[in-house]
Enquirer: 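Next up is a structure, given as structure tokens.
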There are 2 protein chains.
Amino acid sequence: MTDTLQDQKKPYHHGDLKHALVEAGLDILETEGLPGLTLRSIAARVGVSHTAPKNHFGSLRGLHTAIAAEGFRRHAVFMRDGLDGTSDRPTRLRAAANGYVRFARKHPALFELMFSPLLCDPSDAALQTASQASFAVLEDIADGLIWDKGRGADAGTKTQVMLWSFVHGYAKLMLSGQLPCGPDGSLLFSVNQIIPGFAYAD
Amino acid sequence: MTDTLQDQKKPYHHGDLKHALVEAGLDILETEGLPGLTLRSIAARVGVSHTAPKNHFGSLRGLHTAIAAEGFRRHAVFMRDGLDGTSDRPTRLRAAANGYVRFARKHPALFELMFSPLLCDPSDAALQTASQASFAVLEDIADGLIWDKGRGADAGTKTQVMLWSFVHGYAKLMLSGQLPCGPDGSLLFSVNQIIPGFAYAD
DNA sequence: CCCTTAACTTTCCATTGTAAATATATTCGC
DNA sequence: GCGAATATATTTACAATGGAAAGTTAAGGG
């Protein structure tokens, strides 16, 4: 509305600080990791005072939560990546699981933040939406998988829990360096080598 | 050696501060959780200055690491609990897996600390020993389990990774409240209900 | 045009972990 | 036993952090 004719627009005080702060936080996570993600460093990167974020996020926890929500959105993209154009279920399963782990390996600090209830607010609506959308990808993949002979009416949900738990645990243990490694330090088994143990009904 | 006849012994300055600090830390984790586990609060609980721990642990990180190591020892106890006197393998599997999850539920803050490379020092020898001893319980249980038709020479290790990942992921997702719950808030599936999907060869 | 409100800054403060210097008790050489 | 060396713990000081409070600037609405 108040757009002037000049391209060099500097809207109000900053523009949309809200978005810029989340971007800055994501950048910092990549370069300095979680310890570097302080209120002051995020604000400094954007060029505002360290109390500016309060107007938009309330507290550091609120900002953390917003960054984590964006993380879950990118997490879902990673999982969906490689799914397009493939209808073969085992292939889709491997692609999704691999995307889950690939994201954790590529963005370890962000992944850590996303699953830290102490840093984020699990009751935040936006975070829950993003988180559930991410898990929904795996949920879709798990449909039709066989686990525990598929007995019982809720066998499908049980299989989902099994698949989620495994992939998440694998990613977590990998990041904390507790999975068995070969002499060169590489992992003995990729998630892709273990996933085939799951079988589909058809 | 320098034991006097009186029972009211106050050895040197404190006694064994090292042990007392770890105990205090474990107590604080139970009552106040991870955020309450500060250098100053731990020291205050023991009744020493907040710089006293430095002599024994170097830094807060060192103290965190020692507390986590003790956590892994108790973790192993939880898993071994219920194993004694039972030779039935599926029963032993359920008992160990349930112990893993039961510990996480009963000591969530300690469990969180144990798997936080940012708070602990993963290269610490005592921590590694305790951690490996804990995982060795599951390793033993996993022996003979079938996964992925057992093909390949390292099928056993692959099964261990699968089992570890699943149990750990289940515990983690449970603590962050991301496992599916019923209307009353209780979990839909206990780890014991999922574990039977694993089968033994014999 | 003025008044209200949102966005942001400045200033201040309590809390935290750590370093340095100091004090005190234990241990060891003799 | 006795003094030096060492381990143990305290005091003091400091930089960094998140947050509260008050003030400043810009936008929007009557």
Enquirer: For B:Glu32, which residues count as a side-chain hydrogen bond (donor to acceptor under 3.5 Å, both in side chains) partner, sequence neighbours excluded?
Expert: none
Enquirer: Could you state the CG-P distance from A:Leu21 to D:dG18, rounded to the nearest angstrom?
Expert: 13 Å
Enquirer: Distance check needed: D:dA9 P versus B:Ile42 CD1, whole Å only.
Expert: 15 Å
Enquirer: How close or far is atom C1' of C:dA6 from atom NZ of A:Lys18, stated in whole angstroms?
Expert: 13 Å
Enquirer: Can you tell me how far CG of A:Leu21 sits from CD1 of A:Ile67, rounded to the nearest 0.5 angstrom?
Expert: 8.0 Å
Enquirer: Mind checking what makes ring pair (Phe, Tyr, Trp, His ring centres under 6.0 Å) contact with A:Phe103, not counting sequence neighbours?
Expert: A:His75, A:Phe78, A:His107
Enquirer: Under the salt bridge (charged side-chain N to carboxylate O under 4.0 Å, His left out) criterion, do A:Glu30 and A:Lys106 qualify, and how do the steps go?
Expert: CA-CA 9 Å; A:Glu30 298 301 312; A:Lys106 196 156 190 174; over 6 Å; no
Enquirer: Between the side chains of A:Ser123 and A:Asp121, is a donor N or O closer than 3.5 angstrom to an acceptor N or O?
Expert: yes
Enquirer: Taking B:Ala125's backbone N and O only, do any of them form a donor-acceptor pair with B:Thr129's side chain (distance below 3.5 Å, no angle check)?
Expert: yes
Enquirer: Please list, by residue number, the residues of residues 108-119 of chain B whose heavy atoms come closer than 4.0 Å to an atom of DNA chain C; answer none if no residue qualifies.
Expert: none
Enquirer: Holding to side-chain contact (heavy atoms from CB on, under 4.5 Å), I want the full list of residues that pass it with B:Ala69, two or more places apart in sequence or in another chain.
Expert: B:Arg73, B:Leu127, B:Ala130
Enquirer: What pairs of nitrogen or oxygen atoms, one from the protein and one from nucleotides 15-17 of chain C, lie under 3.5 Å apart?
Expert:
{"residue": "C:dG17", "atom": "OP1", "partner": "B:Leu39", "partner atom": "N", "Å": "3.1"}
{"residue": "C:dG17", "atom": "OP2", "partner": "B:Leu39", "partner atom": "N", "Å": "3.0"}
{"residue": "C:dG17", "atom": "OP2", "partner": "B:Arg40", "partner atom": "N", "Å": "3.4"}
{"residue": "C:dG17", "atom": "N7", "partner": "B:Arg40", "partner atom": "NH1", "Å": "2.4"}
{"residue": "C:dG17", "atom": "O6", "partner": "B:Arg40", "partner atom": "NH1", "Å": "3.2"}

Enquirer: If only side-chain N and O atoms count, and only distance matters, is there a donor-acceptor pair under 3.5 Å linking B:Asn192 with B:Ser190?
Expert: no
Enquirer: For DNA chain C, which residues of residues 51-58 of chain B approach it to below 4.0 angstrom with any heavy atom?
Expert: B:Thr51, B:Lys54
Enquirer: For the CZ atom of A:Phe57 and the NE2 atom of A:His64, what is their distance to the nearest 0.5 Å?
Expert: 11.5 Å
Enquirer: If you compare all heavy atoms of B:Ile28 against all heavy atoms of B:Ser41, which two are closest, and at what distance to 0.1 Å?
Expert: CD1-OG, 3.4 Å
Enquirer: Round to the nearest Å and state the distance from B:Leu63 atom CG to C:dT18 atom P.
Expert: 10 Å
